[in-house]
Amino acid sequence: MEKIRLDFNNMLKEYVGDDGLTISEIDALSEKVASSHKALAEKRENGGTDWRDLPYNQTDVVEDILSYVGGIKDDIDAFVVLGIGGSALGPTAVQQAINHPYYNELPRDSRGGYPRFYVADNVDPEKLVYLFQVIDVKKSLFNVISKSGSTSETMSQFMIIKDLLEKELGKEEAKKHIVCTTDKEKGNLIKIAKDEGYKTFIVPSGVGGRFSELSPVGLLPAAFCGIDIKKLLEGAAFMDELCKNPDVYKNPAYMYGLLHHIALSKGKNVSVMMPYADSLKYISDWYAQIWAESLGKKFDKNKHVVNVGPTPVRALGVTDQHSQVQLYTEGPFDKVIVFITVDKFKETITIPKIFEDIKSVGFLGGVTQNQLIQVEQVATEYALNRAGKVNLTISLPHVDEHTLGQLLYLLEVATAFSGELLDINAFDQPGVEEGKNATYALFGRPGYEEKKAEIDSRAPKNDKYII
Ligand code: PA5
């Protein structure tokens, strides 16, 4: 199996100059690395990081998913995910990485006989109405994904669609068009699913939203897109072996986390993820959530106010060379740029040898677009180095389920390890819950009266400041 690689040369002083890190700085944290490794190993042992076992303990789940998909896929034209955050970003990232970029426009047999794929994450009335204009709900399967079973965005979509399906198909037939993915006992979705008799897949209780891509949250949508979910899990298991290593020089996830940690302590609080492959564009979206929601915290584990957290930024090479790279090169020294590169693309396209007498374009003749994107990445890396800006590169030999499983797992462990280095809880999200609770209160949900009173007592806005 081909391994993905982490190249951190350009994080170091010898390559980027004064603003780079040193090996002594890395080695000076060896005790912190050891204690963070121990803490993670203990968490794993005590069931505190159940997402780490997903590559190993889902044989029956995978069989159930594959048999369900096999039995229903020919009857549906569209598979629609109803979910948000950790229940939508992973399914989107994996589908976009593996499938054809114009997947839904392909004829069905070019999609391997699988249905079209949509994700209705946001609550935007236009988007949902427009979705109904391009799918036939009677020939669609809706996957309601909510670990908590109470997220307003997802539940609102589910309620609209349930009602629509029942009007179009009748109550009994409508049931066949809904499949739920949720916790096995917590929240209302599991209760509704049981009452209604919906097919249901379980998110293991110790697996949080943003760490759930390798659970049925991500596996079911992936399987409905013809993606090899066994290989995805094999890739994650392969990376897990590397991530068990306490030696930071042999463990890419630990090194990724540690370099960011040292950089953060030197004021580099922005982590830009810039894949040089359209297929990996949505990996940055998924990363932005896991990095931000896990590491942005007010309190450390001892309840001291720390207000820490690096800011993830999404970029795409080469597109953002023409948008953001000016800032990265000449702006403040506050960023770590993470390139993701692909050695071998699935396709090759050669630029024809025309305009040979026009110097500014003639040199492109005979070059492949594969070379162009790779050379542009090297050129951007060079420009950053020259400007003294730290950067690192994760390289995938090619994009397939195995390398993608490796990448997702590496970034998950890197996030958890960074949480230990920062001494914060990477697995909660009180800041998100606060917004969720305020929404419930503003709608007058029973049990949220105190929160409603608190919100109502806030200072009214001053018209003077609205111009
Ligand atoms: O990582 C998280 O916990 C969140 O981003 C959740 O995934 C998101 O809020 C959706 O929650 P749920 O799956 O409970 O609907």
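FYI, the numbering just counts along the sequence from 1. Atoms considered below: every heavy atom in the structure, side chains included; atoms not considered: hydrogens, waters and symmetry mates. First listed ligand is number 1; within each ligand, the first listed atom is number 1.
- For K436, the closest heavy-atom approach to ligand 1 falls below 4.0 Å.
- In terms of protein heavy-atom proximity, atom 5 (O) of ligand 1 is closest to Q289 NE2, 2.5 Å.
- Looking only at protein heavy atoms, the nearest one to atom 11 (O) of ligand 1 is T151 OG1, 3.4 Å.
- Applying the salt bridge (charged side-chain N to carboxylate O under 4.0 Å, His left out) test to every pair with at least one member in residues 234-244, sequence neighbours left out, gives these pairs: R44-D240, R52-D240, D240-K244, E241-K244.
- Considering backbone and side-chain atoms together, G86 places an N or O closer than 3.5 Å to an N or O of ligand 1.
- The distance from ligand 1 to the heavy atoms of K147 drops below 4.0 Å at these ligand atoms: 12 (P), 13 (O), 14 (O).
- Between S148 and ligand 1, a contact under 3.5 Å exists for at least one N or O pair.
- Within ligand 1, counting atoms from 1 as listed, the ones closer than 4.0 Å to a heavy atom of R210 are 1 (O), 2 (C), 3 (O).
- Applying the 4.0 Å criterion to heavy atoms of E293 picks out, from ligand 1, the atoms 1 (O), 2 (C), 3 (O), 4 (C), 5 (O).
- At a cut-off of 3.5 Å, with distance as the only test, no side-chain donor of S140 or Y118 sits close to an acceptor on the other residue.
- A donor-acceptor contact closer than 3.5 angstrom is absent between the side chains of S205 and K184.
- Those atoms of ligand 1 that come under 4.0 Å of a heavy atom in S146, given as number and element, are 12 (P), 13 (O), 14 (O), 15 (O).
- Contact check for F224 versus V80: no side-chain heavy atoms found under the 4.5 Å cut-off.
- No salt bridge links R111 with E105; every basic N to acidic carboxylate O contact stays at or beyond 4.0 Å.
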In residues 299-312, what donor-acceptor pairs under 3.5 Å come from side-chain atoms, sequence neighbours left out?
{"from": "D300", "atom 1": "OD1", "to": "N302", "atom 2": "N", "distance (Å)": "2.8"}
{"from": "D300", "atom 1": "OD1", "to": "K303", "atom 2": "N", "distance (Å)": "3.1"}
{"from": "D300", "atom 1": "OD1", "to": "H304", "atom 2": "N", "distance (Å)": "2.9"}
{"from": "K301", "atom 1": "NZ", "to": "E420", "atom 2": "OE1", "distance (Å)": "2.6"}

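- Counting only N and O atoms by type, the side chains of S418 and H260 include no donor and acceptor under 3.5 Å apart.
- Atom 10 (C) of ligand 1 has its closest protein heavy atom at I84 O, 3.3 Å.
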